[in-house]
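Structure first, commentary second.
Quick caveat, the model's predicted, so the values are computed rather than measured.
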Amino acid sequence: MSQVRIRPGLIETVMPRTITRWTRVMGWLLVITNIGIVGTGGLVRLTGSGMGCETWPYCTADSLVPTPEMGIHGLIEFGNRTLTGVLVIVALLAFLSVIRLRATRRELPVLSFLVGFGIIVQAVVGGITVWLHLHPSIVGLHYLISAVLVAIATVFLTRLYAAPGPRERVVPRWYAIATHVTTLAVTVTVIVGILLTGAGPHAGDDAAARNGLDPIFWQHVHSWPAYATFALTLVLVIGALRLPRVTGLRRWTGLLLGVELVQIGVGLWQARTGLPIVLVNIHMVLAVALVAVMVAVVMSLKATVAPAPRTQDRQPAYTDAS
């Protein structure tokens, strides 16, 4: 019987001993796919296909895949489930791309493993969502886990571009505090947005329950932390202009501001046009994209301490007294 031989070059590509272009490609794919599945999951909900497959892990009691009688809703729901397999494959490849670095970059295998494990947990939560007939609390948890996975994937990606070794703060204390307060505002905005969605008309199925909150009032509540986030981001953008370019904070805070401007525009537009599903789906995806960029800003507050840097090349480190 013939044996399957794997070329050594393929192993070195998939499981390199250093961070390579392949490793970074997998890092980007890990972030992009975890953001993208929020869009397909939103499509399931917004088209009323949440119960397109009536059970889990099978689509029906007798069939793993949707039957013709289930129509487009079954296809949409099953399609989203299938994409979970793609995410698992991407997470596995990302993990393999850094597994041989575990002695020097232990955080990389750990972070990629957490994303892969989280995807599996997310699949189970999705199944429970179907079992509970799209209860708004479990649907909200489903979305929140997606945001957490995007955050962890972003940490993994940013660490791929960072040098190994101890890290120190490269911004003044006030700037670091302002960044963490902005992160808190982003978190509150996302959570309140989840509650607002649970009160709105897009339940994923005509028979699904709502959480009973007043949608009009919670639209206003949702806007408060959103505008606070916007104001704090302006502070971060202006502050970044006084920091060294090597921190990357000018780029990341500028992108953060750009995402927020689009998100605010989409949010106002959808609220004034009766929540059309296209705008709502864009709003959902932008929310997790906002989380990703916010994490990138936080990760830029510190940089690796060079072992013997030259004075002119070294990034300025800030002590607690600064």
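Across all their heavy atoms, Val150 and Ala292 have their closest contact at CG1-CB, 3.7 Å. Scanning both residues, Val98 and Pro109, for their nearest heavy atoms gives O-CG, 3.5 Å. Taking both residues in full, the closest heavy atoms of Ala123 and Trp56 are given as O-CZ2, 3.5 Å, listed atom of the first, atom of the second, then distance. The shortest heavy-atom contact between Ala163 and Thr304 is O-OG1, 2.5 Å. Residues Glu260 and Thr233 share a closest heavy-atom pair of OE2-OG1, 2.6 Å. The minimum heavy-atom distance linking Val155 with Thr158 is given by the pair O-OG1, 2.9 Å.
The closest side-chain heavy-atom distance from Arg24 to Ile19 is below 4.5 Å. Counting heavy atoms from C-beta outward, Ile89 and Leu92 have side chains that stay 4.5 Å or more apart. Side-chain contact between Leu196 and Leu213: absent, with no pair of heavy atoms (C-beta onward) separated by less than 4.5 Å. Side chains of His73 and Asp205 form no contact here, defined as non-hydrogen atoms less than 4.5 Å apart. Leu257 is listed as a side-chain neighbour of Leu261, based on a closest heavy-atom distance under 4.5 Å. By the 4.5 Å heavy-atom criterion applied to side chains, Leu114 and Phe156 are not counted as neighbours. Taking the side chain as every heavy atom from C-beta outward, Thr60 and Cys53 never approach each other to under 4.5 Å. Within the 4.5 Å cutoff, the side chain of Trp218 has heavy atoms near those of the Leu195 side chain.
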Let's go through Leu134 and Thr129 carefully: what are the C-alpha distance in whole Å and the side-chain angles of both, what is the deciding distance for side chain to side chain contact (heavy atoms under 4.5 Å, CB included) to 0.1 Å, and is it a yes or a no? CA-CA 5 Å; Leu134 311 182; Thr129 302; 3.7 Å; yes
In sequence, state the C-alpha distance, the side-chain angles, and the governing distance for Gln122 and Ser146, and then conclude on side-chain hydrogen bond (donor to acceptor under 3.5 Å, both in side chains). CA-CA 8 Å; Gln122 181 73 309; Ser146 289; 2.7 Å; yes
After noting the C-alpha distance and the side-chain angles of Lys302 and Val170, does the key distance pass the side chain to side chain contact (heavy atoms under 4.5 Å, CB included) rule? CA-CA 5 Å; Lys302 291 184 177 182; Val170 292; 5.7 Å; no
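A continuous path of Ile, Leu, Val, Met, Phe, Trp and Tyr side chains, each step under 4.5 Å between heavy atoms, connects Leu30 with Val148, placing both in one hydrophobic cluster. When the side chains of ILVMFWY residues are joined at heavy-atom separations under 4.5 Å, either directly or via intervening members, Ile145 and Val31 end up in a single hydrophobic cluster.
Taking NE2 of His222 as the reference point, atom OG1 of Thr197 lies at 7.5 Å (rounded to 0.5 Å). Thr229 contributes atom OG1, which lies 8.5 Å from atom CE of Met294 (distance to the nearest 0.5 angstrom). Within the model, atoms OG1 of Thr179 and CG of Leu249 stand 7.0 Å from one another, a figure rounded to the nearest 0.5 Å. Expressed to the nearest 0.5 Å, how far CH2 of Trp22 lies from CG of Leu96 amounts to 9.5 Å. Atom NE2 of His283 and atom CG of Leu275 lie 9.5 Å apart (nearest 0.5 Å). Note: Tyr175 OH to Thr247 OG1 = 7.5 Å, rounded to the nearest 0.5 Å.
A side chain to side chain contact (heavy atoms under 4.5 Å, CB included) with Asn80 is found for exactly one of Leu75, Ile37, Leu43, namely Ile37.
Residue-environment remark: OH (Tyr161) exceeds the threshold of 12 foreign heavy atoms within 6.0 Å. In Trp224, the CH2 atom is crowded: over 12 heavy atoms of neighbouring residues, nucleotides or ligands sit closer than 6.0 Å.
In this structure, Trp252 contributes its side chain and Val293 its backbone to no donor-acceptor pair below 3.5 Å. A donor-acceptor pair under 3.5 Å is absent between the side-chain atoms of Arg210 and the main chain of Gly212, judged by distance alone. Without hydrogens or angle criteria, Arg250 side chain to Leu241 main chain gives a donor-acceptor distance under 3.5 Å. Side-chain atoms of Arg105 do not come within 3.5 Å of backbone N or O of Thr18 as any donor-acceptor pair. When atom types are taken as modelled, the side chain of Asn281 and the backbone of Ile277 share no donor-acceptor pair closer than 3.5 angstrom.
Ionic pairing of Arg102 and Glu107 is not present here: no N-O contact between side-chain nitrogen and carboxylate oxygen is shorter than 4.0 angstrom.
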